[in-house]
**Student:** 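Pasting a structure below so you can have a look.
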Protein chains: 2
Amino acid sequence: MRPLIHPEIADVPLELMLHALADPVRVAIFADIVKQDCSQSCSSFLTVGEKQIPKSTLSQHFKILREAGLIRSERRGVEMHNTSRCAEVDARYPGMLAAIANAHQIQMNAREKTTAKKRSTRR
Amino acid sequence: MRPLIHPEIADVPLELMLHALADPVRVAIFADIVKQDCSQSCSSFLTVGEKQIPKSTLSQHFKILREAGLIRSERRGVEMHNTSRCAEVDARYPGMLAAIANAHQIQMNAREKTTAKKRSTRR
DNA sequence: TCAATAGTTCATATTTCCCGAACTATTGAA
DNA sequence: TTCAATAGTTCGGGAAATATGAACTATTGA
C-alpha cells in the first residue's frame, strides 16, 4: 500500500483545488471537516445527505481532496484522521476556502427551505 | 441555432460554478472578463497563456461558463459580447468569485516569478 | 448575392469517473 | 500467534464527460 501524498500548497495548481471542490460529495465532506476541525474518519461519510457512497468511491474522494492539498489524512490505529489544511491554503489564497465553505452552507440552507416548503404543500 | 441559456443564479448548483472554474483555460478566461469588465469577444481567447485553443473547444468553454451563471453572452453584430455576472453571484455567495479571481492572479504572479528565474539560469 | 468573420453543432476518439471485487493494514480477542 | 473484524486502498472495466476536426449558421460589409 503506497504512502499517502500530501503536496506542498505551492505545488498544487489552483484548478486542482477547485476541481476537488467541484463535486457535491467532496465539497460536503470538506465543509464538514472544516466546520468541526477535529478528527473525521472516512467512513463517517458513507452517507452524505440522502446519498449512499460506496467505500471505494469514498476512498477516491478523499484521495482527491488530499492531493489537492485541502486535507491531511493520518492513520490513527485502524481508522483515518482527516483534518483540513485551511490555514496553509489561506496563507497562499486568502479567504478562498472560507468563501467556498460559506457558499456551500448558504446553498444547504436554501435547499433546506425549499424542501421544507415542498413537504408542507404535500409534494 | 438554439438560443443561449442564462440561468438564474439561484438555480445553479454551487458545484456547477466551481466545476466551470476548475479548468485552467476557463478560469483564465473568467478572470480576464472580470478584470476588464467590458466586452470580450470569444475569439480574443484563441490563445490563453502559451496554449492554442481550437474554436470548437473555446465555444464549449464559454457555454460552460454561461450555463454556470458566471458570464452573460450577447451577440453584438458578428461577434459576442461577454460580461461577468459577478454582482449577481456575489449577492448569493458573497466574496467567493473575488477570492477565486484573486487566487488566480496570485498563482499567475507566482508562475511569472518561477519562469523568470528559469530564464535567468539559462534553463 | 457573395465572401469573410465569429461562433455553434455534430460525431467520435480520448479521458476521466464510478463502483464492485479483491486486497492490505491494524487491532483486539481466543 | 493466529484469527476475525474493521477501515481503507487498489484494480479493472463499463459509463459518463471532454476535446476537437468538419460541417454548419448567423451577421456584416463589399
Side-chain angles (χ1 to χ4, degrees), chain A residues 1-6 13 15-30 32-33 38-68 71-83, chain B residues 1-6 12-13 15-30 32-33 38-68 70-83:
Chain A
M1 208 149 280
R2 61 200 70 151
L4 304 181
I5 294 165
H6 291 100
E15 304 86 54
L16 204 65
M17 283 190 195
L18 294 177
H19 168 82
L21 295 173
D23 174 281
V25 172
R26 287 194 299 261
V27 74
I29 291 174
F30 180 71
D32 222 55
I33 291 178
C38 49
S39 160
Q40 287 288 83
S41 74
C42 295
S43 60
S44 62
F45 295 98
L46 282 167
T47 69
V48 170
E50 313 278 279
K51 222 175 158 194
Q52 292 293 319
I53 318 288
K55 229 163 51 137
S56 56
T57 304
L58 204 54
S59 179
Q60 291 303 320
H61 283 321
F62 274 91
K63 184 183 184 191
I64 288 170
L65 288 169
R66 199 160 49 232
E67 301 192 352
I71 64 171
R72 187 176 296 284
S73 308
E74 289 166 294
R75 208 168 237 283
R76 283 280 172 93
V78 78
E79 59 181 40
M80 230 52 163
H81 198 251
N82 295 291
T83 48
Chain B
M1 208 148 278
R2 61 200 70 151
L4 304 182
I5 294 166
H6 291 100
V12 180
E15 304 86 53
L16 203 65
M17 283 190 195
L18 294 177
H19 169 83
L21 296 173
D23 175 280
V25 173
R26 286 195 300 262
V27 75
I29 291 174
F30 180 70
D32 221 57
I33 291 177
C38 49
S39 162
Q40 288 288 84
S41 74
C42 296
S43 58
S44 61
F45 296 97
L46 281 168
T47 72
V48 170
E50 313 279 278
K51 221 174 157 193
Q52 292 293 318
I53 318 288
K55 228 161 53 133
S56 55
T57 304
L58 204 55
S59 179
Q60 291 304 319
H61 283 322
F62 274 90
K63 184 183 183 192
I64 288 171
L65 289 169
R66 198 160 51 230
E67 301 192 353
L70 295 172
I71 64 170
R72 189 176 295 285
S73 309
E74 290 166 293
R75 207 167 238 282
R76 280 282 172 90
V78 77
E79 58 181 40
M80 229 53 162
H81 198 253
N82 294 292
T83 49

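Order of the sequence lines sets the chain letters (A, B, ...), proteins ahead of strands, with each chain counted from 1.
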**Student:** Are A:L58 and A:I29 side-chain neighbours, meaning at least one heavy-atom pair lies under 4.5 Å?
**Tutor:** yes

**Student:** Check A:I53 against A:F45 and note the closest heavy-atom contact, atom names and distance.
**Tutor:** CG1-O, 3.8 Å

**Student:** Looking at NE2 of A:H19 and CD of A:E67, how far apart are the two atoms once the value is rounded to the nearest 0.5 Å?
**Tutor:** 11.0 Å

**Student:** How would you list all residue pairs meeting side-chain hydrogen bond (donor to acceptor under 3.5 Å, both in side chains) that involve residues 51-66 of chain B, not counting sequence neighbours?
**Tutor:** B:R26-B:H61, B:R66-B:S73

**Student:** Tell me the interatomic distance from A:N82, atom CG, to D:dG8, atom C1', rounded to whole angstroms.
**Tutor:** 11 Å

**Student:** May I have the distance from B:H81 (atom NE2) to C:dT5 (atom C1'), rounded to whole angstrom?
**Tutor:** 18 Å

**Student:** When rounded to the nearest 0.5 angstrom, what is the spacing between CG in B:L70 and CG in B:N82?
**Tutor:** 12.0 Å

**Student:** Minimum heavy-atom separation for A:S44 to A:S41, with atom names?
**Tutor:** OG-O, 2.7 Å

**Student:** Could you give the distance from CD1 (A:I64) to CD1 (A:I71), rounded to the nearest 0.5 Å?
**Tutor:** 10.5 Å

**Student:** For C:dT9, take OP1 and OP2 only and decide whether either is under 4.0 Å from a side-chain N or O of B:R2.
**Tutor:** yes

**Student:** What string of B, S and - do you get for nucleotides 20-30 of chain C, 5' to 3', when a contact is any protein heavy atom under 4.0 Å?
**Tutor:** BB--SSBS---

**Student:** B:R72: which residues meet the side chain to side chain donor-acceptor pair (under 3.5 Å) condition with it, sequence neighbours left out?
**Tutor:** B:E88

**Student:** Between C:dC19 atom P and A:F45 atom CZ, what is the distance in whole Å?
**Tutor:** 18 Å

**Student:** Taking CG from A:L4 and C1' from D:dG8, how many angstroms apart are they, rounded to a whole number?
**Tutor:** 10 Å

**Student:** Using whole Å, what does the distance between atom C1' of nucleotide D:dA19 and atom NZ of B:K63 come to?
**Tutor:** 14 Å

**Student:** Looking at CG of B:D23 and CG of B:L65, how far apart are the two atoms once the value is rounded to the nearest 0.5 Å?
**Tutor:** 8.5 Å

**Student:** Could you check how far CG of A:L58 sits from C1' of D:dT9, rounded to whole Å?
**Tutor:** 12 Å

**Student:** So, for B:V48 and B:V25, which heavy atoms are closest and what is the spacing to 0.1 Å?
**Tutor:** CG2-CG1, 4.2 Å

**Student:** Given pairs defined as Watson-Crick or G-U wobble with both distances under 3.5 Å, what dot-bracket annotation applies to DNA chain D, with ( ) intrastrand, [ ] crossing, | other strand and . unpaired?
**Tutor:** ||||||||||||||||||||||||||||||

**Student:** Could you give the distance from CZ (B:R75) to NE2 (B:H81), rounded to the nearest 0.5 Å?
**Tutor:** 13.5 Å

**Student:** Could you tell me the separation between the CE atom of B:M80 and the P atom of D:dT28, rounded to a whole number of Å?
**Tutor:** 13 Å

**Student:** Tabulated below should be each protein N or O lying under 3.5 Å from an N or O of nucleotides 11-17 of chain C; please produce it.
**Tutor:**
{"from": "C:dC17", "atom 1": "OP1", "to": "A:H19", "atom 2": "NE2", "distance (Å)": "3.1"}

**Student:** Given atom CD1 of B:I53 and atom C1' of C:dG7, what is their separation to the nearest angstrom?
**Tutor:** 16 Å

